[in-house]
2 protein chains.
Amino acid sequence: MKETIPKPQDTAQTKARGARIQTKSQQRRQKHKEDLRLAILDAATELFLENGYEKFSLRQVAEAVGYSPTTIYHHFQDKDELLFHVSLEGFRTFGEMLQAAYDSKENPLERLEAIGDAYIEFGLGYPVHYRLMFMQRPEMFFDGNSKKFEMPETFNDMIDSFSVLQKNVQECIDAELFQSIDSQLLSGIIWANIHGAVALCISGVGVDEGAARAINKHGHKLLIKGLQKTNPTT
Amino acid sequence: MKETIPKPQDTAQTKARGARIQTKSQQRRQKHKEDLRLAILDAATELFLENGYEKFSLRQVAEAVGYSPTTIYHHFQDKDELLFHVSLEGFRTFGEMLQAAYDSKENPLERLEAIGDAYIEFGLGYPVHYRLMFMQRPEMFFDGNSKKFEMPETFNDMIDSFSVLQKNVQECIDAELFQSIDSQLLSGIIWANIHGAVALCISGVGVDEGAARAINKHGHKLLIKGLQKTNPTT
DNA sequence: TTGACAAACTTAACACTGTTAAGTAATATA
DNA sequence: TATATTACTTAACAGTGTTAAGTTTGTCAA
């Protein structure tokens, strides 16, 4: 479990003599570097999911992959960046789930519900990720003013996926399905309802998964009903 | 700023000779202990509000009150208990605000809105406290299974105040103001809406205070509208 | 094959953290 | 004044993230 990635000297002892291929040597070096980076990410992910954010430790990650703590600093500039990339994969699936929900329905109203359901499913299915992003270290992901490390392109793609909710709300409004209301505001209201359900559940304040789903479902229903036009326009 | 509470030897050096009053000696001793406890709490509160949960340090508290770190362990069993009591005072005002909101109106529907507004005001006004309780260390306050230290009576009083929302929702339902809906579920929906608004704001994901208040206000309005009976009963 | 160079990796240390055990100083009681 | 108790400190332990300096290793050219 420890010696997943063989250290450089191990691979060299056997192959060093026949050093004919020059261009591929640095390729192999780089591949090893990438492999190690992935191994670090894997071990870190496992420890993160197992112990959560509070008990997540760089040194433990290092020990898990069988390297000294300082080695990690050659692949990630600090603990936060490692943690960021660990959670990145989780949020990629978040984005995919939202996008899939958007694509799953044609009707904007049904889509809105599907997106909400997908959101809930991610929150309840990946509570450690969700807690990190929205409860424990949100400034790591949002709050652009203090970004210590650069965001990879995949992250921005992800953020785009998050905006499917706003996009869909706008589409509902454009289709004149609702009474007159600001699009941004309505997005916020729906987001608050969904995030509230997830957050109250995964923070363990007494709302179980069933209740969270029910809050989402019926809260959504009530909101939609409240958005209905009372008297036909024009 | 450091020598707020004089240490025992300082008070004794002057008064020790005339040790006539026996019963008051331990009284004075106990008073000093309580004073120190309060001084610790004060310093801890200041540091907590200043640095937040992540950077809150026992040793810094000790230095601030001018005692060694171990002294704190004579007044609080560990860092968590100190933090708990630091936040307790904040949440006392939370409970009072909710109770005051409940008392401020006669009409259950107006009360519901008042409670929501009070909740928002606390969340936005005491973000460090709110974050600790609902986002960073909720298990310290809820999640009865793993209570390491005992809760003081004042805490239980506080928790009672939190239930004014549930109580008021029940009253609305009893007054047949809404369509048929489970009281627990509706409480959850309203709570999710309010908590969602607060949480999205104070976690810095892009919802400012004005938006949070708007989400609460209009979200509440939509929910109430959605709860209206469509056709008169009986 | 050998030597130089750069990359990879480790050791040692720093400055912190919470927490405990053991010992000292101060006070209250007899 | 002696004794017990309480208050408090010192020293240490086992951790943490992070940095500087040094060593090992792999690569490439002479």
Side-chain angles (χ1 to χ4, degrees), chain A residues 5-37 39-40 44 47 51 53-63 65-83 148-149, chain B residues 5-37 39-40 44 47 51 53-63 65-83 148-149:
Chain A
I5 301 290
K7 302 192 184 184
Q9 66 265 32
D10 296 340
T11 61
Q13 276 180 355
T14 52
K15 297 182 179 177
R17 299 298 168 225
R20 250 177 299 176
I21 325 112
Q22 297 96 337
T23 48
K24 291 207 171 176
S25 48
Q26 57 185 4
Q27 247 179 51
R28 194 179 54 208
R29 210 186 174 101
Q30 187 177 334
K31 194 197 172 289
H32 176 268
K33 181 159 187 173
E34 284 164 5
D35 285 356
L36 179 51
R37 187 192 153 92
I40 292 172
L47 286 168
N51 305 328
Y53 167 67
E54 298 250 5
K55 292 176 185 169
F56 181 75
S57 153
L58 249 191
R59 293 177 112 104
Q60 274 180 39
V61 172
E63 199 184 10
V65 291
Y67 283 79
S68 78
T70 47
T71 299
I72 295 181
Y73 286 85
H74 287 104
H75 298 86
F76 303 94
Q77 74 171 58
D78 60 7
K79 188 190 179 185
D80 275 6
E81 206 197 14
L82 172 57
L83 212 42
K148 294 192 301 181
F149 41 84
Chain B
I5 301 290
K7 302 192 184 183
Q9 65 266 31
D10 297 340
T11 61
Q13 276 179 355
T14 52
K15 296 181 180 177
R17 297 296 167 230
R20 250 176 300 174
I21 326 109
Q22 297 96 338
T23 49
K24 290 205 171 177
S25 48
Q26 58 185 2
Q27 247 180 50
R28 194 180 55 209
R29 209 185 176 104
Q30 187 175 334
K31 192 195 173 293
H32 175 267
K33 180 159 189 174
E34 283 165 6
D35 285 355
L36 179 51
R37 186 192 154 91
I40 292 172
L47 286 168
N51 304 328
Y53 167 67
E54 298 251 4
K55 291 176 185 170
F56 181 75
S57 151
L58 249 190
R59 292 178 113 105
Q60 274 181 37
V61 173
E63 198 184 11
V65 292
Y67 283 80
S68 76
T70 46
T71 299
I72 294 180
Y73 286 86
H74 288 102
H75 298 86
F76 304 94
Q77 75 170 57
D78 61 7
K79 189 190 179 186
D80 275 6
E81 206 197 12
L82 172 58
L83 211 44
K148 293 192 303 181
F149 42 84

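Quick note: numbers below take in every heavy atom, side chains included, and nothing from hydrogens, waters or symmetry partners. Proteins get letters first, then strands, A, B, ... in listed order; numbering begins at 1 in each. Note that the structure is a prediction, hence the values are computed from the model and not measured.
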Query raised in the report: Under 4.5 Å between any side-chain heavy atoms of B:Tyr67 and B:Ile40, yes or no?
Result: no
Query raised in the report: Counting just side-chain N and O atoms, does B:Thr71 come under 4.0 Å of either OP1 or OP2 of D:dC8?
Result: no
Query raised in the report: Under a 4.5 Å cut-off applied to non-hydrogen side-chain atoms, are A:Leu36 and A:His74 in contact?
Result: no
Query - Non-hydrogen atoms of B:Glu81 and B:Gln77 that approach each other most closely - result: OE1-N, 2.6 Å
Requested in this report: Report the distance from atom CG of A:Leu83 to atom P of D:dT16, rounded to the nearest whole Å.
Outcome: 15 Å
Report task. Whole angstrom is fine here: how far is it from NZ in A:Lys55 over to P in D:dT16? Result -> 13 Å
Requested in this report: Please report, rounded to the nearest Å, how far the P atom of C:dG18 is from the CD1 atom of B:Ile40.
Outcome: 14 Å
Query raised in the report: So does B:Ser57 get a side-chain nitrogen or oxygen closer than 4.0 Å to the phosphate oxygens (OP1/OP2) of C:dC16?
Result: no
Requested in this report: Could you tell me the separation between the CG atom of A:Asp35 and the P atom of C:dA8, rounded to a whole number of Å?
Outcome: 13 Å
Query raised in the report: If you take all heavy atoms of B:Ala44 and B:Leu82, which pair is closest and at what distance?
Result: CB-CD1, 4.0 Å
Query - Which atom of B:Val65 lies closest to which atom of B:Ala39, heavy atoms considered - result: CG1-O, 3.5 Å
**Report entry** Nearest non-hydrogen partners of A:His75 and A:Thr71, listed with the distance
**Finding:** ND1-O, 3.4 Å
Check nucleotides 18-22 of chain D against the protein and report each pair of N or O atoms closer than 3.5 Å, with its distance, or say if there are none.
| from | atom 1 | to | atom 2 | distance (Å) |
| --- | --- | --- | --- | --- |
| D:dT18 | OP2 | A:Tyr73 | OH | 2.8 |
| D:dT18 | OP2 | A:Lys79 | N | 3.0 |
| D:dT18 | O5' | A:Tyr73 | OH | 3.1 |
| D:dT18 | O4 | A:Arg59 | NH1 | 3.4 |

Query raised in the report: For D:dC8, does either OP1 or OP2 sit under 4.0 Å from a side-chain N or O belonging to B:Ser68?
Result: no
Query raised in the report: What is the distance, rounded to the nearest whole Å, between atom CG of A:Leu36 and atom C1' of C:dA7?
Result: 13 Å
Query raised in the report: Tell me: CD1 of B:Ile72 to C1' of C:dT17, nearest whole Å?
Result: 13 Å
**Report entry** Gap between atoms OH and C1', on B:Tyr67 and C:dA26 respectively (whole Å)
**Finding:** 12 Å
Report task. Ignoring backbone atoms, test whether A:Gln60 places a side-chain nitrogen or oxygen under 4.0 Å from the OP1 or OP2 oxygen of D:dG15. Result -> no
Requested in this report: Give the minimum heavy-atom separation between B:Phe56 and B:Lys79, together with the two atoms involved.
Outcome: O-NZ, 3.0 Å
**Report entry** Integer-rounded Å distance: C:dG18 C1' and B:Phe76 CZ
**Finding:** 16 Å
